[in-house]
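Here's the structure, in structure tokens; my notes come after.
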Amino acid sequence: MSFPIAQISVEELALRLAESDGTLQLIDVREPEEIAIAYIEGFAVLSLSQFPVWSAEIATRFDPAAETLVICHHGVRSAQMCHWLQNNGFTNVKNIVGGIEAYACSVDPSIPRY
């Protein structure tokens with residue numbers, strides 16, 4: 001069963017990061033070569049291509065009840081991850097609309113675009 005995915009804008013993300021008390025769970029599903037180009041501090045990297053490596057430990061590494069924000073390049077892969085997390089017991093998952101591309105355009109122009 002698939003639930004609608006909650007979304008958060010990159011502007012909201014910037015505010016949440018600025019006021020974060022450390023309870024936000026941040027996941028970046030992009031590939032290592034993408035992370036090497038552009039990265040937002042604080043995100044755990046769980047590349048989708050490495051799914052077999054990290055999928056078994058997701059529930060022990062992250063709290064399924066905590067707010068979890070997921071990012072990718074444009075928002076498509078992160079939406080897939082949000083669905084997977086929801087199907088695996090995560091109850092407070094949000095997709096970052098537009099991904100790191102939108103973040104670089106609207107929030108932090110120092111982040112390289114690719």
Shortest non-hydrogen pair, Ile40 vs Leu17, comes out as CG2-CD1, 3.9 Å
OG1 (Thr68) and CG (Asn95) are apart, to the nearest 0.5 Å, by 12.5 Å
By side chain to side chain donor-acceptor pair (under 3.5 Å), Ser47 pairs with (sequence neighbours left out) none
When the ring planes of His73 and Tyr114 are compared, do they come out parallel, tilted or perpendicular, using 30° and 60° as the limits?
parallel
Practice prompt. May I ask whether Ile5 and Leu26 are part of the same hydrophobic cluster, defined by side-chain heavy atoms of I, L, V, M, F, W, Y residues being less than 4.5 angstrom apart, directly or through others?
Written response: no
Problem set entry | same_hphob_cluster(Phe51, Ile58) at 4.5 Å side-chain heavy-atom cutoff | yes
What one should report as the nearest heavy-atom pair of Ala102 and Val97 is CB-O, 4.0 Å
The reported gap from OG in Ser78 to CG in Leu85 (rounded to nearest 0.5 angstrom) is 10.5 Å
Counting distance only, does the side-chain N/O of Asp63 pair as donor-acceptor with the main-chain N or O of Ala65 below 3.5 Å? yes
CZ (Phe62) and CG (Asn88) are apart, to the nearest 0.5 Å, by 13.0 Å
Practice item. Take Ser9 and Glu12 through the side chain to side chain donor-acceptor pair (under 3.5 Å) test and state the conclusion after the steps. Key: CA-CA 5 Å; Ser9 72; Glu12 290 173 275; 3.2 Å; yes
Distance col, row Arg77:CZ vs Asp28:CG, nearest 0.5 angstrom, shows 8.5 Å
query = Is the shortest heavy-atom distance from the side chain of Leu46 to the side chain of Arg61 under 4.5 Å?
reply = yes
Across all chains, not counting sequence neighbours, the salt bridge (charged side-chain N to carboxylate O under 4.0 Å, His left out) partners of Glu67 are Arg16, Lys94
Scanning both residues in full, the closest heavy-atom pair of Ala6 with Val93 reads CB-O, 3.7 Å
Closest heavy-atom pair, Val45 versus Arg30, reported as atoms and distance to 0.1 Å, is CG1-O, 4.1 Å
When every non-hydrogen atom of Phe43 is compared with those of Leu69, the smallest separation belongs to CE2-O, 4.1 Å
Joint hydrophobic cluster, Ile111 plus Leu13, side-chain heavy atoms closer than 4.5 Å:
yes
Would a single hydrophobic cluster contain both Leu15 and Ile8, if residues Ile, Leu, Val, Met, Phe, Trp and Tyr are joined by side-chain heavy-atom contacts under 4.5 Å? no
Checklist entry - Is it true that a side-chain atom of Asp108 and a backbone atom of Tyr103 form a donor plus acceptor pair closer than 3.5 Å? => result no
Rounding to 0.5 Å, atoms CE (Met81) and CD1 (Ile71) come to a distance of 13.5 Å
Looking only at heavy atoms, the pair that brings Val10 and Gly99 closest together is CG1-O, 3.6 Å
Between the CD atom in Glu33 and the CD1 atom in Ile37, the distance rounded to the nearest 0.5 Å is 8.0 Å
- Task: Is it possible for you to say whether Val70 and Tyr39 belong to one hydrophobic cluster, with membership spreading through side-chain heavy-atom contacts below 4.5 Å?
- Result: no
